[in-house]
Amino acid sequence: MRIIGGKWTGSILWHLKDGPVRFNDLSRMIGGASKKMITERLRQLEEQGLVRRQVMDTSPVSVQYSVTEFGQTALCFLDELRKWSEELPNGLQ
């Protein structure tokens, strides 16, 4: 839970599940989180080996993030959590 339980962590991983995403695009996908918070979480996820950061050789320089092979293992139970939450009674959602 220490690894994946932080606020926005599951959401970040979920949005990266389909392939690499540039930082600004990820920031738009995750409504309600500041860019500073997203940056902090991405750094933590990178340190933990769940996310890969790649600096693109573009002008201006851009950065994209993707889920590592190890990070993919977390997506299985995140998907189960998503399914579980969709089955909650209306009053609990």
Side-chain angles (χ1 to χ4, degrees):
M1 286 307 293
R2 284 191 314 260
I3 294 173
I4 198 133
K7 190 170 185 179
W8 305 112
T9 301
S11 185
I12 289 170
L13 286 172
W14 190 257
H15 287 295
L16 296 177
K17 72 179 173 30
D18 294 325
V21 178
R22 291 182 179 203
F23 178 82
N24 285 331
D25 294 333
L26 181 61
S27 180
R28 281 189 286 275
M29 289 177 189
I30 303 173
S34 69
K35 287 186 177 187
K36 179 183 176 191
M37 178 58 71
I38 294 170
T39 298
E40 288 176 16
R41 289 295 179 252
L42 285 167
R43 284 184 184 147
Q44 290 172 349
L45 291 169
E46 186 179 9
E47 288 173 9
Q48 295 163 338
L50 296 167
V51 168
R52 179 179 304 107
R53 179 181 188 265
Q54 182 179 5
V55 178
M56 306 301 295
D57 188 22
T58 58
S59 182
V61 173
S62 63
V63 177
Q64 68 179 17
Y65 294 88
S66 57
V67 178
T68 63
E69 191 173 320
F70 176 55
Q72 290 286 336
T73 62
L75 293 174
C76 297
F77 59 82
L78 285 175
D79 190 43
E80 289 300 317
L81 184 60
R82 177 193 59 81
K83 291 175 188 174
W84 174 80
S85 70
E86 290 174 351
E87 295 173 6
L88 289 173
N90 286 336
L92 297 176
Q93 292 180 354

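The model shown is predicted, which means the values in this text are computed figures rather than measured ones. One is the number of the first residue; the rest follow in order along the sequence.
- The minimum heavy-atom distance linking Val67 with Lys17 is given by the pair CG2-N, 4.2 Å.
- Across Pro60 and Thr58, no two heavy atoms sit closer than the pair O-OG1, 2.8 Å.
- If you take CD on Glu46 and CZ on Arg43, they are separated by 9.0 Å, rounding to the nearest 0.5 Å.
- Atom CE of Met29 and atom CD1 of Ile12 lie 12.0 Å apart (nearest 0.5 Å).
- Minimum interatomic distance between Leu13 and Leu78 (heavy atoms only, all atoms of both residues): CB-CD1, 4.0 Å.
- The backbone N or O of Gly49 lies less than 3.5 Å from a partner atom in the side chain of Thr68, making a donor-acceptor pair.
- One hydrophobic cluster holds both Phe77 and Val51 under the rule that ILVMFWY side chains link at heavy-atom gaps under 4.5 Å.
- Rounding to the nearest 0.5 Å places OG of Ser11 at 9.5 Å from CG of Leu16.
- The salt bridge (Lys or Arg N to Asp or Glu O under 4.0 Å) test applied to Arg28 returns Asp25, not counting sequence neighbours.
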Output, in order, the C-alpha distance, side-chain angles, deciding distance and verdict of side chain to side chain contact (heavy atoms under 4.5 Å, CB included) for Leu42 and Phe23.
CA-CA 10 Å; Leu42 285 167; Phe23 178 82; 3.8 Å; yes

Evaluate the criterion side chain to side chain contact (heavy atoms under 4.5 Å, CB included) for residue pair Gln48 and Leu50; output intermediate values, then yes/no.
CA-CA 6 Å; Gln48 295 163 338; Leu50 296 167; 3.9 Å; yes

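- What you find for Ser66 and Pro20 is that their closest heavy atoms are CB-CA, 4.0 Å.
- What you find for Leu26 and Val21 is that their closest heavy atoms are N-CG1, 3.6 Å.
- For the atom pair CG (Leu81) and NZ (Lys83), the distance works out to 11.5 Å, reported to the nearest 0.5 Å.
- By the 4.5 Å heavy-atom criterion applied to side chains, Ile30 and His15 are counted as neighbours.
- Judged by distance alone, the side chain of Thr39 and the main-chain N or O of Lys35 form a donor-acceptor pair under 3.5 Å.
- Here the CZ-CG distance, from Arg52 to Leu45, works out to 13.0 Å after rounding to the nearest 0.5 Å.
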